[in-house]
Amino acid sequence: MKTSELQGAALDRAVAKCKGYESDCISDEWKYSTDWAQGGPIIEREGMDVLRLDVGWEVTHPVARPSGYGPTPLIAAMRCYVASKLGDEVEIQEELE
């Protein structure tokens, strides 16, 4: 699936994968794309830049240089984070698509 299209549980799962969790480990507690307590520290640690656009949000990564776009800053940031670690395409379990 395209990283730019990830959302919900699939996006949270991809973020967890970037953080080193095993691919068969799934947790309902992962809410990186909706909970600032989980996603905010990633934005800070990675030094991401957040920009409000007329139609959503853009987040850029200072080192890897990918951008993430989304309807909220957290969704845009987590898409950017996943792109910086896993690339523009990721494999996810079918039930998460």
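Remember, it's a predicted structure, so these values are computed and weren't measured experimentally.
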- Task: Answer whether the closest heavy-atom distance between the side chains of Val59 and Asp49 falls below 4.5 Å.
- Result: no
- When rounded to the nearest 0.5 Å, the distance separating CH2 of Trp30 from OH of Tyr21 is 6.5 Å
- Give a yes or no on whether the backbone of Pro41 and the side-chain of Glu46 come within a donor-acceptor separation of less than 3.5 Å. no
- Task: Test Ile42 against Met78 for side chain to side chain contact (heavy atoms under 4.5 Å, CB included), laying out the working first.
- Result: CA-CA 8 Å; Ile42 295 172; Met78 295 308 103; 4.0 Å; yes
- On a heavy-atom basis, the closest approach of Asp12 and Tyr32 is OD1-N, 3.2 Å
- Which heavy atom of Trp57 sits nearest a heavy atom of Ala76, and at what distance? O-CB, 3.7 Å
- Minimal non-hydrogen separation, Met1 against Leu6, with atom names: SD-CD2, 3.5 Å
- Message: More than 12 heavy atoms of other residues, nucleotides or ligands under 6.0 Å from CZ of Arg52: yes or no?
- Response: no
- Item | Test item: Arg79 and Leu11 side chains (from C-beta on) under 4.5 Å apart, heavy atoms | yes
- Of all heavy-atom pairs between Cys18 and Lys85, which one has the smallest distance, and what is that distance? SG-CB, 3.5 Å
- Task: Write down the atom of Ile75, the atom of Ser33, and the distance for their closest heavy-atom approach.
- Result: CG1-O, 3.8 Å
- Item | Minimal non-hydrogen separation, Ala14 against Leu86, with atom names | O-CD1, 4.0 Å
- Task: For Glu89, look at atom CD and say whether over 12 heavy atoms of other residues, nucleotides or ligands are found less than 6.0 Å away.
- Result: yes
- State whether a side-chain donor-acceptor pair under 3.5 Å links Glu58 with Tyr69. yes
- Message: I'd like to know whether Tyr81 forms a side chain to side chain contact (heavy atoms under 4.5 Å, CB included) with Arg45, so could you lay out the CA-CA distance, the side-chain angles of the two residues, the decisive distance to 0.1 Å, and finally the verdict.
- Response: CA-CA 11 Å; Tyr81 179 65; Arg45 183 185 68 240; 3.4 Å; yes
- Item | For Pro66, all residues meeting side-chain contact (heavy atoms from CB on, under 4.5 Å), sequence neighbours excluded | His61, Ala64, Cys80, Ala83, Ser84
